[in-house]
Amino acid sequence: LLIAVILQTVVLFAMVGMKQWTLSTGTQVLLETSPIDPRSLFRGDYVRLNFSINSLPSNLPGTPKALKKGETVYVSLRQAGELWHPVSIHLEHPEPVSGTVVIKGEARRNWRPPRTLPIVYGIEEFFVPEGEGRAIERPPPGSKINILVAIDKYGNAGIKAVLVDGVSRYEESLF
């Protein structure tokens with residue numbers, strides 16, 4: 001019984017440690033998003049995020065001929081202005097080219113061209129303090145919401161902060 005408890009504790013600390021490592025050591029990129037559905041009866045306030053990189057055009061270099069739901073893909077991102085945009089798709093982790101970052105995702109459903117390629121990255125939800133989800137869902141007219149994401153060398157991503165009009169509104173912390 002003691003071994004089972006110790007093993008579970010080690011696994012939990014490893015999960016937290018891996019996420020914190022990504023947030024601490026990862027390259028920071030700013031992604032454009034459209035927040036949706038900020039409230040869950042069972043989970044409290046959170047913001048579901050729909051990034052521009054969640055729907056990739058089928059004409060990006062390296063786009064495969066087809067993908068199965070759950071298949072892993074790697075998307076190379078390059079900064080253009082303050083935001084980062086996709087430049088190529090890969091089925092295996094590529095060596096990063098200078099000025100690019102590689103993010104790991106998976107196909108949201110079975111896919112074939114010419115439709116847009118639906119990809120999820122595991123950063124599509126962000127929990128916010130109770131009662132504050134609606135402020136992100138319905139920002140003042142003309143406001144922009146962007147997400148600061150850290151991406152480690154393996155392509156794993158984690159949300160570092162939610163920015164409203166370039167100002168950090170919520171930051172991810174260990175506790």
Side-chain angles (χ1 to χ4, degrees), residues 1-33 35-40 42-54 56 67-79 82-108 118-133 136 145-164 166-175:
L1 181 63
L2 181 61
I3 291 173
V5 170
I6 290 172
L7 184 60
Q8 289 177 352
T9 303
V10 168
V11 168
L12 287 174
F13 277 112
M15 290 170 52
V16 170
M18 287 172 35
K19 180 59 93 178
Q20 194 59 37
W21 185 79
T22 296
L23 293 175
S24 298
T25 65
T27 302
Q28 294 184 23
V29 301
L30 190 63
L31 298 175
E32 183 178 23
T33 188
I36 53 176
D37 296 336
R39 178 103 177 116
S40 167
F42 299 106
R43 297 191 283 179
D45 277 3
Y46 75 102
V47 179
R48 275 189 39 217
L49 304 167
N50 183 30
F51 294 96
S52 58
I53 62 170
N54 285 128
L56 300 174
L67 285 174
K68 294 180 181 170
K69 180 179 180 175
E71 192 169 348
T72 300
V73 295
Y74 297 88
V75 179
S76 292
L77 304 173
R78 182 179 306 274
Q79 189 172 12
E82 65 178 4
L83 299 173
W84 291 68
H85 302 280
V87 292
S88 61
I89 301 171
H90 311 271
L91 293 177
E92 294 184 11
H93 194 288
E95 286 298 317
V97 177
S98 178
T100 65
V101 173
V102 177
I103 186 170
K104 180 170 68 172
E106 65 180 47
R108 190 178 307 168
I119 304 292
V120 292
Y121 303 94
I123 54 173
E124 285 76 20
E125 292 183 347
F126 184 76
F127 287 86
V128 296
E130 189 68 32
E132 296 186 24
I136 293 177
I145 297 179
N146 294 318
I147 306 298
L148 185 62
V149 176
I151 304 171
D152 68 20
K153 65 182 180 179
Y154 304 107
N156 300 312
I159 295 175
K160 280 196 77 109
V162 176
L163 288 80
V164 178
V167 177
S168 180
R169 179 89 181 252
Y170 305 101
E171 292 187 20
E172 184 66 41
S173 62
L174 185 57
F175 301 103

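Along the sequence shown, residues are numbered consecutively beginning with 1. Bear in mind the structure is a predicted one, so any value in this text is a computation, not a measurement.
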Quiz item: Between F126 and V162, does a side chain to side chain contact (heavy atoms under 4.5 Å, CB included) hold up when you go through it step by step?
Solution: CA-CA 9 Å; F126 184 76; V162 176; 3.5 Å; yes
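Formation of a donor-acceptor pair under 3.5 Å by the Y121 side chain with backbone atoms of I53 is found in this model.
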Under 3.5 Å donor-acceptor pairs involving side-chain atoms of residues 149-157, not counting sequence neighbours:
from: D152; atom 1: OD1; to: Y154; atom 2: N; distance (Å): 2.9
from: D152; atom 1: OD1; to: G155; atom 2: N; distance (Å): 3.1
from: D152; atom 1: OD1; to: N156; atom 2: N; distance (Å): 3.0
from: D152; atom 1: OD2; to: T22; atom 2: OG1; distance (Å): 2.9
from: D152; atom 1: OD2; to: N156; atom 2: ND2; distance (Å): 3.3
from: N156; atom 1: OD1; to: K104; atom 2: NZ; distance (Å): 3.3

Tabulate below the donor-acceptor pairs under 3.5 Å that side-chain atoms of residues 83-92 make, not counting sequence neighbours, or state none.
from: S88; atom 1: OG; to: S76; atom 2: OG; distance (Å): 3.4
from: S88; atom 1: OG; to: H90; atom 2: NE2; distance (Å): 2.8
from: H90; atom 1: NE2; to: S76; atom 2: OG; distance (Å): 3.2

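Across L163 and L30, no two heavy atoms sit closer than the pair CD1-CD1, 4.2 Å.
Separation of atoms CG (L23) and CE (M18) is listed at 12.0 Å; rounding is to 0.5 Å.
By the side-chain hydrogen bond (donor to acceptor under 3.5 Å, both in side chains) test, S168 pairs with E171, sequence neighbours left out. Every residue meeting the side chain to side chain contact (heavy atoms under 4.5 Å, CB included) condition with T9, not counting sequence neighbours, appears here in chain and number order: V5, F13. For V120, the side chain to side chain contact (heavy atoms under 4.5 Å, CB included) test picks out E106, R108, E124, with sequence neighbours left out. Taking Y74 as the reference, H93 meet the ring pair (Phe, Tyr, Trp, His ring centres under 6.0 Å) condition, with sequence neighbours excluded. Residues satisfying the side chain to side chain contact (heavy atoms under 4.5 Å, CB included) criterion with I6, sequence neighbours excluded, are L2, V10.
Taking a 6.0 Å sphere around CG of L7, one finds it holds more than 12 heavy atoms contributed by other residues, nucleotides or ligands.
Inter-residue side-chain proximity for L49 and L31 is flagged as unmet; no heavy-atom pair is nearer than 4.5 Å.
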